[in-house]
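Heavy atoms only: backbone and side chains are in, while hydrogens, waters and symmetry mates are out. Each ligand, and each atom within it, is numbered from 1 in the order the structure gives.
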Amino acid sequence: MPEFETLVIHAGQPPDPTTGAIMTPIYQTSTYRQEGVGRHRGYEYSRTGNPTRTALERCLAALEDGTNGLAFASGMAAIDAIAHLLQPGDHVLAVDDLYGGTYRLFESVYAKLGISFSYASPANPAEFVSQARAETRLIWLETPTNPLLRLCDIAEIARLAKRSRPGVLVAVDNTFATPYLQRPLQLGADLVHHSTTKYLSGHSDVVGGAVICRDEQTAGRLRVLQNSIGAVPGPFDCFLVLRGIKTLGVRMDRHCSSAQLVAEHLKRMKGVAAVYYPGLAEPPQAELASRQMRKPGGMVSFVLRAGAAAAVRFVEATQLFSLAESLGSVESLIEVPAAMTHASTAGTPLAIDPALIRLSVGLEAVGDLIADLDHALDSSS
Ligand SMILES: Cc1ncc(COP(=O)(O)O)c(C=O)c1O
């Protein structure tokens with residue numbers, strides 16, 4: 001099996017057999033001429049399948065070490081497909097710190113369809129798994145979590161879940177880590193989810209999602225859902241994600257090294273009350289970070305001592321860090337999760353501290369990024 005750095009460039013993307021084109025062509029077609037009724041070359045209609053999408057799906061399957069990859073029009077569409085595996089009466093056990101949009105989909109769409117959800121801290125895997133019930137069909141993990149950047153022990157949770165609840169599916173949202181830093185299927189998970197909008201595409205120019213499966217049976221069910229619901233990405237979007245993936249490893253190395261320096265700098269700043277970053281974690285999270293992840297990632301969260309109003313002033317004062325939702329791109333982004341990405345958790349037990357600021361550390365010179373944060377602290381206090 002080739003190594004990761006080779007897979008990102010070649011997996012699923014052989015030179016085009018008809019022309020030798022090195023880059024996967026954008027098959028901008030909705031349909032395909034058939035030789036006779038039911039006689040075709042593997043493609044009938046582009047909602048069902050498109051060669052550019054196939055290249056992306058095969059590449060993602062190889063990177064996550066899965067049997068199948070399925071690409072979707074957004075990360076939320078990918079989570080929606082996973083949730084469609086459930087039936088009324090089923091229960092989902094999820095981590096208690098997760099993307100606000102996932103929480104909204106669970107609570108405002110699926111809870112109304114007869115599926116119940118509960119949320120628990122993953123800090124102690126045995127306590128977390130003990131919250132599963134006879135009706136639990138899906139365990140939903142995010143690691144690092146969004147926005148508090150806590151880690152779930154995927155291997156231990158999957159092991160305990162499978163022992164006590166055979167047949168339960170363990171899904172991991174691997175958007176923050178990417179397969180370069182962490183491979184959940186190798187640790188025992190059944191499904192990996194990605195918002196490909198983020199690090200995989202890496203350039204803030206596309207919205208997309210993906211699910212990668214460990215077994216053929218679940219992949220087959222998801223393939224039917226993907227075609228039936230139809231939330232598929234267009235060929236140009238697939239091309240953009242594929243192009244971004246080619247540099248994933250080198251980008252992640254830089255995101256991680258800069259995030260580590262930014263986190264260490266924030267930790268020294270007097271106006272900062274707390275910094276959340278797996279690279280600064282204390283045992284047992286530190287030990288888990290080194291066991292489960294190649295490096296601690298490019299996301300950093302922190303809380304200002306001066307409180308929520310100062311946090312708003314801070315994010316409005318940065319110049320290099322753009323005030324924007326999303327993450328994982330070449331440019332640095334900053335946001336206040338309580339008011340932005342996680343507004344849907346307001347007033348719930350999952351609500352986020354309004355003084356918390358989340359950074360997506362980009363690829364600019366790290367000295368410039370640190371100077372930008374220093375300047376923002378001066379002007380906000
Ligand atoms: C961890 C995580 N999962 C899922 C999503 C949803 O992805 P998308 O915005 O591509 O629909 C996001 C979006 O921010 C996210 O951060």
**Test: Arg251 cationic atom under 6.0 Å from Tyr199 six-membered ring centre, within 45° of axis** = no
**Request:** Using the test salt bridge (charged side-chain N to carboxylate O under 4.0 Å, His left out), find all partners of Glu35 that sit at least two apart in sequence or belong to another chain.
**Result:** Arg41
**Complete:** Tested for side-chain hydrogen bond (donor to acceptor under 3.5 Å, both in side chains) against Tyr43, the lone hit among Thr48, Thr54, Thr29 is Thr54
**Prompt:** Got a second to check how far His193's NE2 is from Tyr99's OH, nearest 0.5 Å?
**Reply:**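 That separation rounds to 10.0 Å.
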**Prompt:** Can you list the steps and then say if Asp16 with Thr24 is a side-chain contact (heavy atoms from CB on, under 4.5 Å)?
**Reply:** CA-CA 6 Å; Asp16 178 43; Thr24 304; over 6 Å; no
**Pair His91 + Phe117: ring centers closer than 6.0 Å** =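 That pair fails the under 6.0 Å test.
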Name each N or O atom in ligand 1 that is under 3.5 Å from a protein N or O, and give the partner atom and the distance.
residue: ligand 1; atom: 3 (N); partner: Asp173; partner atom: OD2; Å: 2.7
residue: ligand 1; atom: 7 (O); partner: Ser195; partner atom: OG; Å: 3.1
residue: ligand 1; atom: 10 (O); partner: Gly75; partner atom: N; Å: 2.9
residue: ligand 1; atom: 10 (O); partner: Ser195; partner atom: OG; Å: 2.8
residue: ligand 1; atom: 10 (O); partner: Thr197; partner atom: OG1; Å: 2.6
residue: ligand 1; atom: 11 (O); partner: Gly75; partner atom: N; Å: 3.0
residue: ligand 1; atom: 11 (O); partner: Met76; partner atom: N; Å: 2.9
residue: ligand 1; atom: 14 (O); partner: Lys198; partner atom: NZ; Å: 2.7
residue: ligand 1; atom: 16 (O); partner: Asn146; partner atom: ND2; Å: 3.4

